[in-house]
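Taking it in order: structure first as structure tokens, then the write-up.
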Amino acid sequence: MAEQVHRGPLISAGLLIGAGLGGFVDGIVLHQILQWHNMLSAKMPPDNLVAAKVNMYWDGMFHAAVWVMTAIGLTVLWRVGHRRDVPWSGRTFFGALLLGWGLFNVIEGIIDHELLGLHHVYEYTDNKLPWDLAFLALGVLQLVVGWAFIRAGRNDTAVRGEVNS
Amino acid sequence: MKALTAGLLTALFLLIGPVALACRVCRPKVQAAIHTPEYTVNLLTLLLPVGALLLLAAVVFYAPIIKTRLTSSPAHG
């Protein structure tokens with residue numbers, strides 16, 4: 001009898017690593033390089049040194065959390081690599097990475113931007129909604145493309161060690 | 001090993017905050033503004049998306065087990 005195939009563990013690893021890397025992109029590009037927002041910039045605008053440093057602290061806590069998420073994803077990926085029931089598919093993993101990044105953008109966008117109002121994508125404008133919606137739209141696009149890659153990877157059956165990479 | 005890693009990480013995060021002294025003049029004001037009564041609420045709300053993603057990843061990882069438990073009929077006798 002053929003061994004049952006499980007794709008979930010590889011998708012789970014890719015999802016965590018993709019979400020973690022997406023969190024780092026958000027933190028590095030939007031928080032630090034462009035300085036469009038910080039984690040609590042809607043509650044505490046960084047318009048003086050103390051407020052800026054408090055926001056820096058909460059940005060650090062956010063980065064620590066996404067680092068832990070990435071590390072867990074790497075651990076899961078390492079363990080998945082030893083399993084004979086999990087196909088080692090580049091398409092599945094790449095799709096899961098994109099899916100994770102998209103999920104991060106959508107979940108963070110809905111919870112932090114819209115529901116809790118901790119910050120908005122671009123704080124230095126009167127109309128913040130278009131920027132928030134563009135961020136969500138990017139996340140949805142990533143979800144769709146990621147899902148398409150995962151579907152394409154359903155035909156991959158070789159396990160690690162059998163794949164020519 | 002897992003418990004040791006978790007313990008070390010927790011200790012690291014707890015130790016980092018109070019010793020960050022880049023600005024000697026403003027640090028007391030910064031610390032006071034961080035450690036307000038809203039600290040726990042801020043921390044939990046900030047970690048909420050990460051928690052949701054971890055939960056989702058766990059559901060995907062354990063999907064076959066969850067599916068089996070949900071669809072299997074209760075044991076007889």
Worksheet item: Linking I/L/V/M/F/W/Y whenever their side-chain heavy atoms sit closer than 4.5 Å, directly or via other members, would B:Val59 and A:Val80 fall into one cluster?
Response: yes

Worksheet item: Are A:Leu143 and A:Leu97 connected in a single hydrophobic cluster, I mean Ile/Leu/Val/Met/Phe/Trp/Tyr linked by side-chain heavy atoms less than 4.5 Å apart?
Response: yes

Item to complete: Please round to the nearest 0.5 Å and tell me the distance separating atom CG of A:Leu15 and atom CZ of B:Phe61.
Response: 12.5 Å

Worksheet item: Does CZ belonging to A:Phe135 count more than 12 external heavy atoms closer than 6.0 Å?
Response: yes

Item to complete: Measure B:Leu43 against the heavy atoms of chain A and call it side chain, backbone, both or neither at under 4.5 Å.
Response: both

Discussion item. Does any backbone or side-chain atom of A:Met61 lie under 4.5 Å from a heavy atom of chain B? Answer side chain, backbone, both or neither.
Written reply: both

Practice prompt. For A:Ser12 and B:Val60, indicate whether the former's side chain and the latter's backbone hold a donor-acceptor pair under 3.5 Å.
Written response: no

Practice prompt. Report yes or no: do A:Leu16 and A:Phe24 belong to one cluster of Ile/Leu/Val/Met/Phe/Trp/Tyr joined by side chain heavy-atom distances under 4.5 Å?
Written response: yes

Show me the side-chain donor-acceptor pairs of residues 67-79 of chain A shorter than 3.5 Å, one per line, residues at least two apart or across chains.
residue, atom, partner, partner atom, Å
A:Thr70, OG1, A:Val66, O, 2.7
A:Thr75, OG1, A:Ala71, O, 2.8

Response to the item:
d(A:Lys43 NZ, B:Thr45 OG1) to nearest 0.5 Å is 5.5 Å

Worksheet item: Above 12 or not: heavy atoms from other molecules or residues under 6.0 Å from OH of B:Tyr62?
Response: no

Worksheet, complete the sentence: In short, A:His6 meets B:Pro64 closest at the heavy-atom pair CD2-CG, 3.6 Å

Item to complete: Check the hydrophobic clustering (I, L, V, M, F, W, Y; side-chain heavy atoms under 4.5 Å; chains of links allowed) and say if B:Val25 and B:Val30 are grouped together.
Response: no

Discussion item. At a heavy-atom distance under 4.5 Å, which candidate from B:Leu46, B:Leu56, B:Leu54 has the highest pair count against chain A?
Written reply: B:Leu46

Worksheet item: B:Ile34 versus chain A, heavy atoms under 4.5 Å apart: side chain, backbone, both or neither?
Response: both

Discussion item. Heavy-atom cut-off 4.5 Å, strictly under: side chain, backbone, both or neither for A:Ala65 against chain B?
Written reply: both

Worksheet item: Hey, what do you get for OH (A:Tyr57) to NE2 (B:His35), rounding to the nearest 0.5 Å?
Response: 5.0 Å

Discussion item. Quick check on the interface: out of A:Leu10, A:Val54, A:Ile107, who has the most heavy-atom pairs with chain B under 4.5 Å?
Written reply: A:Val54

Worksheet item: Is it true that atom CD of A:Glu114 has more than 12 heavy atoms of other residues, nucleotides or ligands lying nearer than 6.0 Å?
Response: yes

Worksheet item: B:Tyr39 and B:Val50: same hydrophobic cluster, using ILVMFWY side-chain contacts below 4.5 Å?
Response: yes

Worksheet item: Is it the backbone or the side chain of B:Ala63 that comes under 4.5 Å from a heavy atom of chain A, or both, or neither?
Response: neither

Discussion item. Evaluate A:Phe62 against B:Leu47 for side-chain contact (heavy atoms from CB on, under 4.5 Å), listing each step before the verdict.
Written reply: CA-CA 7 Å; A:Phe62 164 73; B:Leu47 296 180; over 6 Å; no

Worksheet item: Between atom CG of A:Leu118 and atom CG of B:Asn42, what is the distance when rounded to the nearest 0.5 Å?
Response: 7.5 Å

